[in-house]
Amino acid sequence: MAAERKTKLSKNLLRMKFMQRGLDSETKKQLEEEEKKIISEEHWYLDLPELKEKESFIIEEQSFLLCEDLLYGRMSFRGFNPEVEKLMLQMNAKNKAEEVEEQTVELDVSDEEMARRYETLVGTIGKKFAKKRDRALYKEDENGDIKPIKAKKMFLKPQD
Amino acid sequence: MAEAAGVPAESLAGCRARAARTVLDQVVLPGEELLLPEQEDGEGPGGAGERPLRLNAAARSRGRVVCGPGLRRCGDRLLVTKCGRLRHKEPGSGSGGGVYWVDSQQKRYVPVKGDHVIGIVTAKSGDIFKVDVGGSEPASLSYLAFEGATKRNRPNVQVGDLIYGQFVVANKDMEPEMVCIDSCGRANGMGVIGQDGLLFKVTLGLIRKLLAPDCEILQEVGKLYPMEIVFGMNGRIWVKAKTIQQTLILANILEACEHMTTDQRKQIFSRLAES
């Protein structure tokens, strides 16, 4: 019954994916273009002349931070709050982009005392790792400091 | 003030815009228009017909001019919206055309993005705190916006606590939001301000004057006795010293120094140093 005339397939049916697989690329492109045309015709647009946005050289800012270099808001004086004093140096240095001078931190232990302690520390820790035979080499000083004696008993080769 | 007010009134009546350059550090009134330097050259007499290419090139390459608080953009000119002195800052690193702003005085604070302020926690609702910053609305502060805060590890903030934080959202259309961490996630001194101390309110201009890099008042005050001060850009100052009397003296000095001359201030400091 439909042999004489081709069954007219609707447009929507033709747009379906399984119908498009058989088409060649040109027909596909044509169909796409037609689709786009339909969509763009349906879009609303203003019938006004194109307004060029004027390039403005002026920027509006409501913040005072750009205008004046203000210091950091938290402050502490004469050591009332040491953490805040550290922060003050950090934040104000960031603002000025200067290198912060290394402030001499008050040392609890002086350098000399540290060197002395470290000398004996070597002995104490060394004793811990020395074998039983070598532990006798570590002699105890009058002060109670443990110092290692350099002379270790090595094997003496017989002369003959 | 009467003479100073008379001069701008005449120019307003004449409706002529003045060059911003000529008005620096002088009093400007709302409604005045200011010309930026490049435009002023082009609009000079006899310059209308012939515009040398040089000027145009300079205008293009000058970069962006920033109009700060108290000024608005009006076409190519600046429109003054607050009364005060006009200030200008040259661009440091070469980019941009510098900043113009009006140095005005007011007591009412309007939240601005990026400002560090002292707020008072007024309510705790669910995941956010409502913080009163002195603006038209209380700002919201999320409990996750503290250093080291997680869903399990909530910050120890009670109603009535003082918070030092900065605004991340502050415009006329939305509720202001503040946080107590910076963009890297570190506190940098923000967060709950400790126990004791005294919070009082001053004008906004005084805060900016005290926070200026070369402020003598703070240097002198700092020599008196150990103390801690926190300045909020919303006009609030929190001070703390070892005794209540010292704290009160400090608060009185900071409030009064706005209206004192340098000599009066030095007198007061010397008297304090003696006692």
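Below, all heavy atoms of this structure are taken into account, side chains as well, without hydrogens, waters or symmetry copies.
- Using a 4.5 Å cut-off between heavy atoms, A170(B) makes no contact with chain A at all.
- At least one donor-acceptor pair under 3.5 Å links the side chain of E85(A) to the backbone N or O of G79(A).
- Tested against R77(B) for a side-chain contact (heavy atoms from CB on, under 4.5 Å), the candidates L71(B), L34(B), L35(B) yield a single pass: L35(B).
- Nearest heavy-atom pair across H88(B) and W101(B) is C-CZ3, 4.1 Å.
- The candidate with the highest count of non-hydrogen atom pairs below 4.5 Å against chain A, out of R87(B), K242(B), K113(B), is K242(B).
- Contact detail for L141(B) and M178(B): the closest heavy-atom pair is CD1-O, 3.2 Å.
- Applying the ring-ring contact (aromatic ring centres under 6.0 Å, His included) test to Y164(B) and every residue at least two apart in sequence or in another chain returns H116(B).
- Of the two parts of V112(B), only the side chain, counted from C-beta on, holds a non-hydrogen atom closer than 4.5 Å to a non-hydrogen atom of chain A.
- L65(A) touches chain B through its side chain: at least one heavy atom from C-beta onward sits under 4.5 Å away, while N, CA, C and O do not.
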Exercise. Go through R236(B) and L162(B) one step at a time and tell me if the side chain to side chain contact (heavy atoms under 4.5 Å, CB included) criterion holds.
Key: CA-CA 11 Å; R236(B) 292 183 181 165; L162(B) 293 177; over 6 Å; no

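- A salt bridge links E228(B) with R74(A): at least one charged nitrogen is closer than 4.0 Å to a carboxylate oxygen.
- Using non-hydrogen atoms only and a strict 4.5 Å limit, the part of residues 216-224 of chain B facing chain A consists of L218(B), G222(B), K223(B), L224(B).
- The nearest pair of heavy atoms linking Y72(A) to G189(B) is OH-CA, 3.6 Å.
- For E147(B), there are no side-chain hydrogen bond (donor to acceptor under 3.5 Å, both in side chains) partners at least two apart in sequence or on another chain.
- Checked by atom type and distance alone, the side chain of E60(A) pairs as donor or acceptor with a backbone atom of R73(B) at under 3.5 Å.
- Listed in order of number, the residues of residues 201-212 of chain B that approach chain A to under 4.5 Å between heavy atoms are R208(B), L211(B), A212(B).
- Judged by distance alone, the side chain of N234(B) and the main-chain N or O of Y109(B) form no donor-acceptor pair under 3.5 Å.
- For D69(A), the parts lying near chain B are the backbone and the side chain together; criterion is any non-hydrogen pair under 4.5 Å.
- Here the shortest heavy-atom pairing between C83(B) and P30(B) reads CB-CD, 3.8 Å.
- Looking at L87(A), the atoms closer than 4.5 Å to chain B (heavy atoms on both sides) all sit in the side chain, from C-beta outward.
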